[in-house]
Structure formats: C-alpha cells, structure tokens
Amino acid sequence: MAGYIDRPKVAIDLAKDSFLVAKHADVITANTIGLEVIPIALSKDNIYFNFAAIAKSLKKANTVCNGQKPWIVILIFMWF
C-alpha cells in the first residue's frame, strides 16, 4: 500500500519542480545574477556576496507584494 501512496507524491513533486524550473524563463534580467551559459559556482567564500546582490536587486525592483517575500530557486547540477 505504501508504494501506491508514494508514487503519486513523487509525480506531484516532479510536476511542481518542473513548473518552478520553467518559470526561470520569465524572470526579468535585472533580477538575475550570472548567466545561464556561465553559471555562478557558489562556494563558502562567495555565497553571502551573491545572495546579498540578489536581495538588493529584488528589493530595488520592489518585489515584496502583499507581505510575501520573494523566493530563490537554486539549481544544483552534478556531473559524474
């Protein structure tokens, strides 16, 4: 029974993930950091700077609406 319950949950999670990843095409260029063809490799040394830059550009664009804070999608790619 647990297997039948888990399958729809996985399918829903994949659909949500696909929907959110597809939304990155709608993001205004001023609200992005880095380029899709040259992504930023986050490290412990630069993550704060990059998140501060994103926060600053989102605040400047007045993205807070009805008290909801903006959100960030981080794509993690792993090559083996």
Side-chain angles (χ1 to χ4, degrees):
M1 183 75 160
Y4 291 107
I5 293 171
D6 287 341
R7 259 192 250 166
K9 181 185 178 316
V10 169
I12 290 169
D13 288 343
L14 288 172
K16 287 190 298 187
D17 290 347
S18 298
F19 174 79
L20 290 174
V21 169
K23 285 294 184 185
H24 91 280
D26 299 335
V27 174
I28 299 168
T29 305
N31 291 343
T32 62
I33 304 293
L35 301 171
E36 196 168 327
V37 293
I38 307 170
I40 294 173
L42 295 176
S43 69
K44 64 182 176 76
D45 298 322
N46 71 4
I47 194 165
Y48 179 81
F49 171 80
N50 285 299
F51 271 72
I54 292 169
K56 183 178 177 182
S57 67
L58 292 174
K59 185 176 181 179
K60 184 178 175 185
N62 198 22
T63 57
V64 176
C65 181
N66 297 328
Q68 293 184 333
K69 306 253 180 185
W71 44 275
I72 295 174
V73 175
I74 299 173
L75 301 176
I76 299 172
F77 296 99
M78 299 171 78
W79 291 274
F80 297 96

Asks: Which residues pass the side-chain contact (heavy atoms from CB on, under 4.5 Å) test with I47, not counting sequence neighbours?
Replies: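 side-chain contact (heavy atoms from CB on, under 4.5 Å) check on I47 returns L42, F51.
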Asks: Considering residues at least two apart in sequence or located in another chain, which fulfil the salt bridge (charged side-chain N to carboxylate O under 4.0 Å, His left out) criterion with K16?
Replies: D13
Asks: List in chain and number order the residues that pass side-chain contact (heavy atoms from CB on, under 4.5 Å) with S18, two or more places apart in sequence or in another chain; answer none if no residue qualifies.
Replies: none
